[in-house]
Amino acid sequence: MNRKELIIKHIKDRIASLEELGKVYSEEKIESLAENLANSDKTLTEINTLIDNKFSNQIRKINHNNYLASLKEYYLSKIEKLKKGNNCYLLSYDQGVKILEQAYLEELQDITPYLKLVNVNNDKKGYKKENSVNNDYELIMSDIAYLLNIDYAHTYRIFDEQMNPNGIVNVSFVRKNERFLNFEEALRFIKEESPKFTLTQKLLEYHDKHIKHGLKEAKKDDYKNNIEYVFDLFSALPDIKEENIEKLKTDYLNMKIFEILTNSLNNNLNNIGLMVNKESLNYTYRLSPSYNKCSVEIPTLKYNQTICNFFIVDKKELLSFIINNYYNNVKELLSLIYFNKDSLLTIINQVLKEHLEFNEYSKYHKLINENINMICELVSTKKQLTPDTKDDMLIYEDNNLLYKNRVSPVANNYVSDEYEEEKGSTILLAIVTIVLFITIGIILLAIYSVSKMNM
């Protein structure tokens, strides 16, 4: 056999072992592929490897598309005809449980060409967005936020009567007596109402120095000043107490970890904010739920970069700075990721498969894996330098138990298909089993404790 004939034989042998490809590769297509490969300067071994990888990737794509198609059929089998007064279906995850419900959405106002204010079931206000890849990512990030106990705006997928996706809706997260201020608006609020004149002037001068020139790449000292600006913003808020400041700091830093893990890039001061509440003539504050965390790729940014407040920063350098300078604030979240890396990756992988087309899924799956590995690498180094105390380990055990309780219903929603590694299914099964045994243990311990008290 000549070179081209050997290549054709290998292609046909591979197709014979992968019946899903039989409908894809005609004789003409095989001939054309073999011709191109035979004219390359690669060795036959390299060409055979290339063919194997190409076909394996195509098999994954076929299976991925089949999975999405079967998902739609599954939804169709679960729904009833829309009742009078309803005009769509909403899919959400409440405490990790998948819920598909009928709903009525009334469009109230166009905020932008791509964003509408809506009334949800004549009960809540929300913001409707049309179908887009960015909105697929927003759904994914809301699911990941739930796994990590990060507060995220309640997000629904909208379906029409035929279960075709028709956009998403974010339910307003403003509670009664609250108002939302993004960090740009919060500075104006401080300027108008804060009695802390010196600190306010410092904030205004730093803000004006950097905002006028637009985004720029951070230098070494900028990492500290960039984060400390937000902390000074918290400290300058009128009526704020020290414990409120510390809670805001921890929540903000945990949000930075979440953004790094999920590869959310556009994290400027307009995309995060404060919920301001005035009770008994005094203000109280909480960090707003995360929202709009969906830009996982920005053409002007390098692969290793993200946006943080005023600056373009290196993701790993930002993470290193947070770990080295604010470890006490973030060690619980970082340890949760570190100790549950395998199960977290398995569940996230299944979430991605449900929401993304194959090419986007492949790209984002790679990013998530790289980001979690980077986090775990830096956390491992930090734990060697600053070993966990017994008190730390007790806190981590409680957090791990809460995590396992959160992911158990999610594990039931996302079932690996036959082409996934069995490792993932084993991990999820182990989680459910562990939670069951821990729960039984807690009940037995409680019974024992009560019996001792009655003796």
Side-chain angles (χ1 to χ4, degrees), residues 111-115 129 132-135 137-138 141 150 152-153 180-191 200-234 236 248-249 251-274 287-326 330 363-364 367-368 370-371 374-375 378:
I111 307 297
T112 72
Y114 312 102
L115 182 68
K129 304 173 185 178
S132 73
V133 173
N134 262 353
N135 294 335
Y137 281 121
E138 194 160 347
M141 290 183 188
I150 299 289
Y152 201 97
F180 168 74
L181 299 175
N182 67 37
F183 279 9
E184 291 287 345
E185 295 165 334
L187 180 58
R188 291 194 288 273
F189 169 72
I190 288 168
K191 183 180 178 181
T200 300
Q201 283 302 115
K202 177 185 173 184
L203 286 166
L204 290 169
E205 289 170 7
Y206 183 79
H207 179 276
D208 289 346
K209 177 181 177 182
H210 294 288
I211 200 69
K212 289 178 182 177
H213 304 290
L215 287 169
K216 58 182 179 181
E217 291 195 23
K219 299 177 182 176
K220 185 176 181 181
D221 291 341
D222 290 330
Y223 285 87
K224 180 179 187 298
N225 295 333
N226 197 17
I227 298 293
E228 293 292 338
Y229 170 83
V230 175
F231 292 170
D232 286 342
L233 200 71
F234 297 153
L248 288 172
K249 285 182 179 179
D251 290 345
Y252 171 76
L253 290 168
N254 282 338
M255 190 69 70
K256 295 295 112 183
I257 302 298
F258 172 71
E259 290 164 358
I260 291 169
L261 186 153
T262 57
N263 220 68
S264 176
L265 302 182
N266 194 18
N267 310 306
N268 60 47
L269 294 178
N270 288 315
N271 285 345
I272 193 167
L274 295 168
L287 197 72
S288 81
S290 185
Y291 69 100
N292 209 29
K293 299 292 183 191
C294 53
S295 296
V296 300
E297 189 173 48
I298 297 177
T300 54
L301 293 185
K302 298 174 185 173
Y303 189 77
N304 61 313
Q305 291 179 326
T306 186
I307 295 170
C308 179
N309 302 339
F310 299 108
F311 295 97
I312 296 171
V313 299
D314 181 282
K315 287 186 293 188
K316 190 169 185 178
E317 287 180 4
L318 175 62
L319 181 60
S320 296
F321 177 80
I322 291 172
I323 289 174
N324 291 330
N325 292 275
Y326 310 110
V330 295
K363 177 183 71 177
Y364 194 52
L367 280 171
I368 288 283
E370 289 175 352
N371 291 340
M374 176 180 68
I375 289 170
L378 292 178

Could you give me the CA-CA distance, side-chain angles and deciding distance for I260 and M374, then say whether side-chain contact (heavy atoms from CB on, under 4.5 Å) is met?
-> CA-CA 10 Å; I260 291 169; M374 176 180 68; 3.6 Å; yes
Got a second to check how far T200's OG1 is from D232's CG, nearest 0.5 Å?
-> 10.0 Å
Can you tell if the side chain of F321 reaches within under 4.5 Å of the side chain of K220, non-hydrogen atoms only?
-> no
Are Y229 and F311 an aromatic pair by the rule of ring centers under 6.0 Å?
-> no
Spacing of OH belonging to Y114 relative to CG belonging to N134, to within rounding of 0.5 Å | 12.0 Å
Looking at K256 and E259, what are the two nearest heavy atoms and their distance?
-> NZ-OE1, 2.8 Å
Closest contact, heavy atoms only, A218 versus Y223 | CB-CE1, 4.0 Å
Could you tell me which non-hydrogen atom of Y291 sits nearest to which non-hydrogen atom of S288, and how far apart they are?
-> CE2-OG, 4.3 Å
When rounded to the nearest 0.5 angstrom, what is the spacing between CD in E184 and CG in N268?
-> 8.0 Å
Any chance you could measure I322, atom CD1, to L378, atom CG, to the nearest 0.5 Å?
-> 11.0 Å
Step by step, work out the side-chain contact (heavy atoms from CB on, under 4.5 Å) result for T306 and I298.
-> CA-CA 9 Å; T306 186; I298 297 177; over 6 Å; no
Does E185 CD have over 12 foreign heavy atoms under 6.0 Å away?
-> yes
Would you kindly check if the NZ (Lys) or CZ (Arg) of K315 is within the cone defined by 45 degrees around the ring axis of Y303 and under 6.0 Å from the six-membered ring centre?
-> yes
Exercise: identify the closest heavy-atom pair between G273 and F180 | CA-CE1, 3.7 Å
Side-chain contact test, heavy atoms from C-beta onward, threshold under 4.5 Å: evaluate it for L187 versus H207 and give yes or no.
-> yes
Pairwise distance NZ(K202) to CD(E228) - rounded to 0.5 angstrom = 7.5 Å
Would you say K216 has more than 12 foreign heavy atoms packed within less than 6.0 Å of its NZ?
-> yes
N182 side chain to N271 main-chain N or O, any donor-acceptor pair under 3.5 Å?
-> no
The reported gap from SG in C308 to CG in L265 (rounded to nearest 0.5 angstrom) is 12.0 Å
Under the side-chain contact (heavy atoms from CB on, under 4.5 Å) criterion, do Y326 and I227 qualify, and how do the steps go?
-> CA-CA 10 Å; Y326 310 110; I227 298 293; 3.8 Å; yes
With the side chain counted from C-beta on, respond yes when L274 and Y252 share a heavy-atom pair under 4.5 Å apart, and no when they do not.
-> no
Of all heavy-atom pairs between L287 and L248, which one has the smallest distance, and what is that distance?
-> N-CD2, 3.3 Å
Does the side-chain contact (heavy atoms from CB on, under 4.5 Å) test come out yes or no for D222 and F310, once each step is laid out?
-> CA-CA 9 Å; D222 290 330; F310 299 108; over 6 Å; no
Return yes if some donor-acceptor pair links the side-chain N/O of N263 with the main-chain N/O of V296 below 3.5 Å, else return no.
-> yes
Between L367 and T262, is any pair of side-chain heavy atoms under 4.5 Å apart?
-> no
All heavy atoms of L233 vs all of I190, minimum pair found to be O-CD1, 3.3 Å
